[in-house]
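Everything below concerns the one structure shown next.
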There are 2 protein chains.
Amino acid sequence: MTVVIRSNEVRRGNRGLVLSAVRMGGLVSRTDIGRKTGLSAATVSAITSDLIADGFLIQPADANQVPASSGRGRPKVALSVNPMAALIGVVIFQLNRVSAAVVDYSGATISESAHELSSADLSRESIRDALVGCLREALNSSGQNERLLMRIAVSIQGVTDVSGKYLLWSPITDHRDLPLAGWMRQAFSVPASVSNDCDLMARALNRREPELYGTSFASIMLSYGVGMGLFLRGNIINGLNTSGTEFGHMVFQPGGALCRCGRRGCIEAYAGDYAIQRAALGRSEDAPPPAPSAHIDFKQIADLAHAGDPQAIHAIEEAGRAIGTGLVSLFALVDAFPIALIGQGTIVFDYMEPSIRKALQGAVAGEGTNIDIHCFVDEKPLVAEGCALTALVVLDEEIADAAVI
Amino acid sequence: MTVVIRSNEVRRGNRGLVLSAVRMGGLVSRTDIGRKTGLSAATVSAITSDLIADGFLIQPADANQVPASSGRGRPKVALSVNPMAALIGVVIFQLNRVSAAVVDYSGATISESAHELSSADLSRESIRDALVGCLREALNSSGQNERLLMRIAVSIQGVTDVSGKYLLWSPITDHRDLPLAGWMRQAFSVPASVSNDCDLMARALNRREPELYGTSFASIMLSYGVGMGLFLRGNIINGLNTSGTEFGHMVFQPGGALCRCGRRGCIEAYAGDYAIQRAALGRSEDAPPPAPSAHIDFKQIADLAHAGDPQAIHAIEEAGRAIGTGLVSLFALVDAFPIALIGQGTIVFDYMEPSIRKALQGAVAGEGTNIDIHCFVDEKPLVAEGCALTALVVLDEEIADAAVI
DNA sequence: CTATTTAATTCGAGGGTCGAAAAAAATAGT
DNA sequence: ACTATTTTTTTCGACCCTCGAATTAAATAG
């Protein structure tokens, strides 16, 4: 809106449109692309023949899986993304775990690698070596030419800078300002970016279930800490300087329970794993949160609740109240939207849901009780999918940009 | 990004660019426009000659107030927006007051009109008649041809739908879902839109002080209730269905003081005028907020505080704590940004600031204490300016759209 | 084997922006 | 007074892009 448009940038934009239509559609004909994008058949023809010439699209021989509109007429020719056009590297750094994958340009995973380690005890260099080494392994076992690697996306539990170069802060390590993107770029000589894992989960859901999560929703991660990925009107929301949307550090009880961040009363200080455990075991709200290395098992808490332990049940309900109250504040800002709850914490959702909905009751829109809330216990596939997706989207943009020679 | 671009839409976008460059610049030459927008001299020449032919730009005879780069060379020809190209109507509906103005296409106010009335006692029809009548008066006294009126912008204290057609809810009247835009359109046969006053103040500040408020900031209105206008990365933030950003109804104390909205613990229930008064006079937090018609004078509260009344001072400090805590939550979502406090409530800012800053202390970014906070006591000029601005921006877009015949 | 139907490509027409050259309008210098 | 210089603005042709219409391609129905 605020920048000049030149003729060649028109083609640039429309190339991107075609590329993403094919990526979404899987196997689509040129006519389908025209219908989806609104471009004329002539233009689609011109753009696709460019993209095929450049090797980004192919006409797979295994043919017309595209159903014809009717039996008659010239059959549609299916186009698809060329899996061999590029490789991307995906690296996921979680509490006590590093994993990596090599994904082809169609989004299919070619090879994987993973290691358990004690993330809190690693030096800066060890972190670098662990991430680089894990991707190197995946790359070696992929059987692909390493020169096809075009881009690397890194997922971390923690706060990144908004440009995706640094890990600024993380619960899984005491180090700060780690230049993860720079490390990966140096090691593999391709561009790299770092993203917050909650953002990536949200991206994955946004792609996976567009009817429910296509425009506006939040994914809230309940595990070590409370994170959020927020989509509004189809765009992911980030902070002005950081990855932002730290739902867990909105204030629930001013001056209340001690949070891992050092402040008091954060949502996380009631709904984070350590907070629920602290309350379930009857410890003081002032009890300092455990060290990052201490993995807390939600099953233990779930077992207590199932056994009818009132303190555990109350702890979980308070977590729900914190989350629900946070949502009320969020909804006051931008109105209500569906929620995806993700992670181990969702195994106690049954005890949590009533207090979430009670907090939402009578919220601004007047319809707090029928907010869509769905649970996803295992976050790993979502993170991996979102991570690959992010790199592919950026790659598509670069390809759309590529000047025709 | 997600929609086809055609050649004629390129011109459309660049026409808009030129138009807004001239609107911003006041008196600018074609070369200046080229420099500002990035368009080539050839294109600027083509577009400006179109816009001059269509009557939207003029070359004022009162000449070269544009300073030449050096003495030598062909002098710059100043261009400016043609004030006579259009008129817009501005209508402002506040507690017990309706005002209207006629503004020309350059943004200069031509005539005004205002009436005191008891907004809470008006029927739906009386509201319509008051708004229509007030603008009609301004229009009559403008001495301009009414047919030049192109668009009407209405400002209201309250919540609108996101498309700007309805007043959904307001503290100043018990009526709901008032089709204000429709009423104005019917009465004057031109398009109309309704906006939340806090959004308009934010727009005015955004234009008026771009160095501080050009990209990201919030304007918080402290008067009857607590409203907010929020800019992030240069865009105003609204709700998904409503005008949104109801800062005053984020939760400060779950289950706490009774708010006018019927819920408990909202920021407004501590920082709204009625809430500060309630606390200053030692009334219960459960005391129902007064009726909309009851205008509460902040001077009374300020006087008490100046006289050293501890209850009043504490009430104001609590208001500051509520605002500061709300900002912490907001900053957790999108990082910190400057704040403009607007309205009568700012006359007690001195008592409020320490508790705001204390709440911000140690907030996510780690630098809560050096947040820019500035006060603007009188909101009226900001609302009027923002209201006119909004209509002019939309008008500019329509003009940019206008197909060349 | 022909008519019909649908898909994809080709070919101007039309609209845009841009760079280079030309024209316009002033000052500086002799 | 006249010419050279400088800066702004317009004009002109080259090039890019999308689109509609016509054409070509490739199948089925009868």
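Just so it is clear, the model here is predicted, and its values are computed rather than measured. Side chains included, hydrogens not; waters and symmetry mates left out as well; all remaining heavy atoms used.
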Per [X] side chain, nearest of listed nucleotides [options]:
| X | options | value |
| --- | --- | --- |
| A:Thr43 | D:dT18, D:dA26, C:dG16 | D:dT18 |
| A:Thr31 | C:dA7, D:dT11, C:dG16 | C:dA7 |
| B:Ser40 | C:dC18, D:dC17, D:dG20 | C:dC18 |
| B:Ser45 | D:dA27, D:dT11, C:dT9 | D:dT11 |
| A:Ser7 | C:dG15, D:dT8, D:dT18 | C:dG15 |

Which atom pair, heavy atoms only, marks the closest approach of [X] to [Y]?
| X | Y | value |
| --- | --- | --- |
| B:Asn241 | A:Asp335 | N-OD2, 2.7 Å |
| B:Val22 | B:Leu79 | CG1-O, 4.2 Å |
| B:Leu149 | B:Val190 | O-CG1, 3.2 Å |

In whole angstrom, what separates [X]'s [atom1] from [N]'s [atom2]?
| X | N | atom1 | atom2 | answer |
| --- | --- | --- | --- | --- |
| B:Arg11 | C:dG14 | CZ | P | 17 Å |
| B:Leu17 | C:dG16 | CG | P | 15 Å |
| B:Lys76 | C:dA26 | NZ | P | 16 Å |
| A:Asn8 | C:dG19 | CG | C1' | 14 Å |
| A:Arg15 | D:dC16 | CZ | P | 14 Å |
| B:Arg74 | D:dT11 | CZ | P | 10 Å |
| B:Arg30 | C:dA24 | CZ | P | 15 Å |
| A:Gln59 | C:dT9 | CD | C1' | 12 Å |

- Task: Verify the ring-centre separation between A:Phe231 and A:Phe217: is it less than 6.0 angstrom?
- Result: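 Centroid distance A:Phe217-A:Phe231: below 6.0 Å, so yes.
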- Item | Flag if over 12 foreign heavy atoms under 6.0 Å of CZ, A:Phe188 |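 Yes, the 6.0 Å shell around CZ holds more than 12 heavy atoms from other groups.
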- For A:Val44 and A:Arg6, take the nucleotide of DNA chain C holding the closest heavy atom to each; which residue's nucleotide lies nearer the 5' end?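 On the 5' side of the pair lies A:Val44.
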- Query: Could a donor-acceptor pair under 3.5 angstrom be found where the side chain of A:Arg72 meets the base of C:dT5?
  - Reply: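 By the distance-only test, no, there is no pair.
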- Query: Given C:dT17, is OP1 or OP2 found less than 4.0 Å from the side-chain N or O atoms of B:Asn14?
  - Reply: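 Yes, such a contact exists.
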- Query: So which one's nearest nucleotide on DNA chain D is more toward 5', A:Leu39 or B:Ala41?
  - Reply: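 It is B:Ala41, whose closest nucleotide lies nearer the 5' terminus.
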